[in-house]
Participant: 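First the structure, which I've put down as structure tokens, then a few questions once you've had a look.
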There are 2 protein chains.
Amino acid sequence: MKRAKKKIFADFIAQRGLKTTKQRDIILDSFLSSDRHLSIEELYLKLRAKHPNIGYATVYRTLKLFAEAGLAREMQFGDGQTRYEHVGEGEHHDHLVCTRCGHIEEFENETIEKLQDEVANSRGFLVERHRLELYGLCSGCRK
Amino acid sequence: MKRAKKKIFADFIAQRGLKTTKQRDIILDSFLSSDRHLSIEELYLKLRAKHPNIGYATVYRTLKLFAEAGLAREMQFGDGQTRYEHVGEGEHHDHLVCTRCGHIEEFENETIEKLQDEVANSRGFLVERHRLELYGLCSGCRK
DNA sequence: AAGTCGATGAATATCACTTTCATGATGGCG
DNA sequence: CGCCATCATGAAAGTGATATTCATCGACTT
């Protein structure tokens with residue numbers, strides 16, 4: 001699966017006439033083996049540990065590229081940082097966000113999705129995407 | 001209702017030992033007779049038309065004050081600006097956001113709320129608040 | 001191997017707030 | 001009514017995160 005995503009990115013790069021670089025390889029590797037909701041800063045710091053000469057701007061630009069390639073999605077959880085979430089094939093999910101420890105869980109609910117479409121239809125809206133986040137305390141922090 | 005909200009704010013001001021000022025009166029008036037999802041910038045520009053000497057910082061601080069007083073709520077719709085939404089008594093609603101014209105509509109759906117709680121419970125989460133936004137084209141922009 | 005054009009990193013710019021600071025008002029008190 | 005301790009205001013400066021610039025570097029075609 002990691003292999004498949006690398007292929008997707010390689011194809012994207014080729015198709016756009018862009019170039020393969022050491023940095024892009026390293027960043028993609030690191031991204032693919034990371035937490036599913038990483039901020040630019042977090043990924044940058046993680047990378048710096050092993051590759052002290054990778055610049056913040058490169059991480060920033062590469063993450064944007066991942067989003068364009070369909071490998072990642074930009075998300076905001078209200079902590080002032082944009083986070084990049086991994087994107088699988090056609091998959092969608094919503095989030096549970098712990099307001100105490102910052103932990104983020106994912107969930108899916110077919111029924112909720114259906115109801116959303118109903119609401120939109122009744123208003124003449126054509127929904128392209130949605131976001132649903134539940135903020136509160138995770139099981140660990142409730143103690 | 002506008003009268004009631006002014007009363008709420010007056011009480012809030014008094015209770016905190018703050019002061020009534022011309023600016024606060026003007027800003028509250030303008031806020032109450034505005035679109036329900038105004039950004040600081042938008043309200044500031046609207047105000048400048050009639051009151052050229054009101055500063056951005058004052059609008060900013062006053063809006064924060066409205067939020068503390070329970071008259072407004074800060075919201076993010078992904079356009080990079082914080083918007084202040086009017087808050088009624090204990091009311092809650094979600095949003096339909098048009099990605100083309102920026103139009104924002106509100107809706108409520110009891111069943112969706114219930115399903116959200118079920119999902120959270122099954123994960124051991126205690127939900128404090130949530131956000132649900134449907135992004136797409138409004139009826140006007142679909143043509 | 002050489003040239004062309006995208007990629008990189010450091011530095012700088014932007015953007016939307018957020019805070020500071022000198023000056024102006026408000027409202028409790030005598 | 002006038003004082004004056006405090007809070008409020010507006011202009012300007014500060015922040016934090018993101019976005020862009022620019023000189024230089026490195027891929028990939030020929």
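Residue numbering restarts at 1 for every chain, and letters A, B, ... go by the order of the sequence lines.
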Participant: Output all residues satisfying ring pair (Phe, Tyr, Trp, His ring centres under 6.0 Å) with B:Y84, sequence neighbours left out; order by chain, then residue number.
Facilitator: none

Participant: Tell me every residue that passes ring pair (Phe, Tyr, Trp, His ring centres under 6.0 Å) with A:F77, counting only those two or more places apart in sequence or in another chain.
Facilitator: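 With neighbours one apart ignored, the set is A:H37, A:H95.
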
Participant: Tell me, which of residues 49-66 of chain B have any heavy atom that sits under 4.0 Å from an atom in DNA chain D?
Facilitator: B:N53, B:I54, B:G55, B:A57, B:T58, B:R61

Participant: For residues 117-124 of chain A, which side-chain donor-acceptor pairs fall under 3.5 Å, sequence neighbours excluded?
Facilitator:
{"unit_1": "A:N121", "atom_1": "ND2", "unit_2": "A:D117", "atom_2": "O", "d": "3.3"}
{"unit_1": "A:S122", "atom_1": "OG", "unit_2": "A:V119", "atom_2": "O", "d": "2.7"}
{"unit_1": "A:R123", "atom_1": "NH1", "unit_2": "B:E105", "atom_2": "OE1", "d": "2.9"}
{"unit_1": "A:R123", "atom_1": "NH1", "unit_2": "B:E106", "atom_2": "O", "d": "3.1"}
{"unit_1": "A:R123", "atom_1": "NH2", "unit_2": "B:E106", "atom_2": "O", "d": "2.8"}

Participant: Under a 4.0 Å heavy-atom cut-off, which of residues 73-83 of chain A touch DNA chain D?
Facilitator: A:G80, A:Q81, A:T82

Participant: Does A:E74 have any salt bridge (Lys or Arg N to Asp or Glu O under 4.0 Å) partners at least two apart in sequence or in another chain, and if so, which?
Facilitator: A:K64

Participant: Extract, from 5' to 3' on DNA chain D, the first and final nucleotides lying under 4.0 angstrom from some heavy atom of chain A.
Facilitator: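 Going 5' to 3' along DNA chain D, contacts run D:dA17 to D:dC28.
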
Participant: Can you sort out the partners of B:E128 under side-chain hydrogen bond (donor to acceptor under 3.5 Å, both in side chains), two or more places apart, ordered by chain and number?
Facilitator: A:T99

Participant: Test of understanding: with ring pair (Phe, Tyr, Trp, His ring centres under 6.0 Å), list the residues that count as partners of B:F125, not counting sequence neighbours.
Facilitator: none

Participant: Do any of residues 27-40 of chain A sit with a heavy atom less than 4.0 Å from DNA chain D, and if so which?
Facilitator: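 A:I40, in order of number.
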
Participant: Quick one: list whatever passes salt bridge (Lys or Arg N to Asp or Glu O under 4.0 Å) with A:R16, sequence neighbours left out.
Facilitator: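 With sequence neighbours excluded, A:R16 shows a salt bridge (Lys or Arg N to Asp or Glu O under 4.0 Å) to A:E68, given in chain and number order.
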
Participant: Classify every nucleotide of nucleotides 24-30 of chain C by which part a protein heavy atom approaches to under 4.0 Å, writing B for the base, S for the sugar-phosphate alone and - for neither, in 5'-to-3' order.
Facilitator: --BS---

